[in-house]
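Report on the structure given below.
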2 protein chains.
Amino acid sequence: MNTTRPRGPYAKTADVQRRILEACIDAFGETGFYGATTKDIAQRAGISHTGLLHHFPNKETLLTSVLELCDQQNAAFLRSAHALNPGANPLDALTGMLTVVVESELRPGIVELRCVLSGEATSPQHPAHDYFAARSKTARSFYARVFSALAKQGALESPLDPEALASITTALIGGLQAQWLLDRASVNLEITIRAFLQSIVPGLRRR
Amino acid sequence: MNTTRPRGPYAKTADVQRRILEACIDAFGETGFYGATTKDIAQRAGISHTGLLHHFPNKETLLTSVLELCDQQNAAFLRSAHALNPGANPLDALTGMLTVVVESELRPGIVELRCVLSGEATSPQHPAHDYFAARSKTARSFYARVFSALAKQGALESPLDPEALASITTALIGGLQAQWLLDRASVNLEITIRAFLQSIVPGLRRR
DNA sequence: CCTACCGATCGGTAGG
DNA sequence: CCTACCGATCGGTAGG
């Protein structure tokens with residue numbers, strides 16, 4: 001029985017842990033960190049409550065683990081799209097980030113997770129506060145480098161400086177995702193974000 | 001004893017209920033609807049748990065009441081700024097909304113409340129889901145009328161249509177407020193939003 | 001608007 | 001002695 005899973009006694013573990021984190025995406029995405037219960041997460045994953053706590057010792061570890069998983073998946077995709085080097089190919093970076101947003105529409109649970117948790121995490125005492133604060137800073141500096149590189153090439157058409165555009169782009173994506181979750185019929189994530197980016201980066205119009 | 005409070009047995013009630021709703025702003029803003037407890041809210045308001053439930057029969061009523069209060073305060077301000085008639089004075093409407101955002105910085109608790117609750121409320125089963133969905137629609141149609149009126153006057157300088165700009169403006173404000181809560185030092189709400197609006201509405205630059 | 005409580009459920013841990 | 005769990009239950013606290 002050769003499957004694609006790793007050999008040895010850890011094959012099952014990786015599988016179960018993955019199912020647990022998928023359950024976390026749903027549970028935290030629906031009611032947030034505070035609203036979710038470890039017992040409900042265990043039930044969704046198809047294991048007992050104590051079985052859950054064998055793999056992840058407490059609720060907070062579930063939170064940090066699921067955020068780590070999402071980051072790894074995002075990073076893996078961006079690497080494969082060669083979109084992580086903003087200085088070298090700023091246009092690729094922008095289209096790469098756009099594709100991530102479009103792909104995310106296929107997994108609304110991920111969008112809900114980020115939306116609900118980032119809202120909760122604005123409070124300093126939230127266990128994911130530092131994570132989201134750092135993530136926000138990282139996103140803004142990423143876009144700032146993209147827009148700076150574009151400006152140097154004369155490919156930026158806006159009276160606003162790169163830092164302001166970075167802040168605006170980050171806010172726009174987050175805010176639009178929230179809008180989309182509230183009313184998926186009348187909000188088109190891809191078209192709206194692309195239209196905004198094209199209005200300030202003419203080179204994006206030919207893609 | 002003539003004070004500024006209304007006569008009769010209801011004077012104290014209005015006062016207590018106001019303190020309760022202020023406590024709700026803090027509690028819901030810190031941990032969301034799910035994370036907040038009615039006992040904690042009672043304590044913050046300086047009354048007993050059952051005393052709280054005398055004024056508001058359950059947790060959900062506290063939520064709807066506090067959202068109603070915020071809406072009333074916003075509407076009262078916008079009326080006084082003559083910013084609620086987008087067709088007549090589109091520039092006044094934009095500067096009015098900008099002032100609301102700036103004023104909100106003086107009460108971070110209100111910004112946190114909206115941020116945390118709107119995140120939680122993206123889930124359809126949340127008691128404030130319909131409220132935030134309707135609010136989002138209202139905001140977008142308001143800005144769509146503002147930008148349409150500006151376009152008719154030839155005062156709109158953007159390749160994007162009024163509906164897209166409305167969606168972008170709404171998303172930008174919400175997203176920037178979230179960014180500001182995570183890092184107040186490096187995000188300037190007023191300057192960033194004003195800069196964006198000025199980049200598409202030249203008439204705003206002279207204000 | 002208080003003290004005194006309820007049915008249930010919380011996050012986490014015991015022994016096996 | 002390891003892993004992957006189970007049924008039962010801990011001390012406290014939830015909304016009402």
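Bear in mind that the values here come from a model prediction, so they are computed numbers and not experimental data. We use all heavy atoms of the structure for the numbers below, so side chains are in, but hydrogens, waters and symmetry mates are not. Here is how names work: the chains are called A, B, and so on, in the same order as the sequence lines, proteins then strands, and each is numbered from 1.
Between the side chain of A:Lys39 and the base of C:dG11, a donor-acceptor pair under 3.5 Å is found. Judged by atom type and distance alone, B:His49 reaches the base of D:dG16 through a side-chain donor-acceptor pair under 3.5 Å.
C:dT9 sits 13 Å from D:dG11 when the C1' atoms are compared, rounded to a whole Å. With C1' as the reference atom, C:dC10 and D:dC10 are 12 Å apart, rounded to whole Å. Only the P atoms considered, D:dG12 is 22 Å distant from C:dA8, to the nearest whole Å.
The residue A:Ala36 sits close only to the backbone: its heavy atoms come under 4.0 Å of sugar-phosphate atoms, none of a base. Across all strands, B:Thr37 comes closer than 4.0 Å only to sugar-phosphate atoms, never to a base (heavy-atom distances).
The CD1-C1' distance, from B:Ile41 to D:dG16, rounds to 13 Å in whole Å. When rounded to the nearest whole Å, the span between NZ of B:Lys59 and C1' of D:dT13 equals 13 Å. When rounded to the nearest whole Å, the span between CD of B:Gln43 and P of D:dT13 equals 12 Å. If you measure from atom CG of A:Leu52 to atom P of C:dT13, you get 12 Å, rounded to the nearest angstrom. The interatomic distance linking B:Asp40 (CG) with D:dG15 (C1') rounds to 13 Å, in whole Å. Going from atom CG of A:Asp15 over to atom P of D:dC5 covers 10 Å, rounded to whole Å. At whole-Å resolution of the value, NE2 in A:His54 and C1' in D:dC2 are 10 Å apart. In this entry the distance linking CG of B:Leu63 with P of D:dG15 reads 13 Å, nearest Å.
Remark: A:Thr38 is in phosphate contact with C:dG11, judged by side-chain N or O atoms under 4.0 Å from OP1 or OP2. In this model, the phosphate group of D:dC6 is approached by a side-chain N or O of A:Ser48 to a distance below 4.0 Å at OP1 or OP2.
A salt bridge does not link A:Glu163 to A:Arg145: none of the charged nitrogens lies less than 4.0 Å from a carboxylate oxygen. A salt bridge is absent between B:Glu112 and B:Arg107; no separation between the charged side-chain nitrogens and carboxylate oxygens falls under 4.0 Å. Salt bridge annotation for B:Asp71-B:Arg114: present, with a cationic side-chain nitrogen under 4.0 angstrom from a carboxylate oxygen.
Taking every side-chain heavy atom of A:Val16 into account, D:dC5 is the closest of C:dT3, D:dG16, D:dC5. The listed nucleotides are D:dC5, D:dG16, C:dC10; the one nearest the side chain of A:His55 is D:dC5. Each of D:dG15, D:dC5, C:dG12 was ranked by its minimum atom distance to the side chain of A:Leu53; first place goes to C:dG12.
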Apply side chain to side chain donor-acceptor pair (under 3.5 Å) to B:Ser167 and A:Gln179, showing your working.
CA-CA 8 Å; B:Ser167 210; A:Gln179 240 176 69; 2.6 Å; yes
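The aromatic rings of A:Phe33 and A:His126 sit perpendicular, their planes meeting at an angle over 60°, well past the 30° parallel limit.
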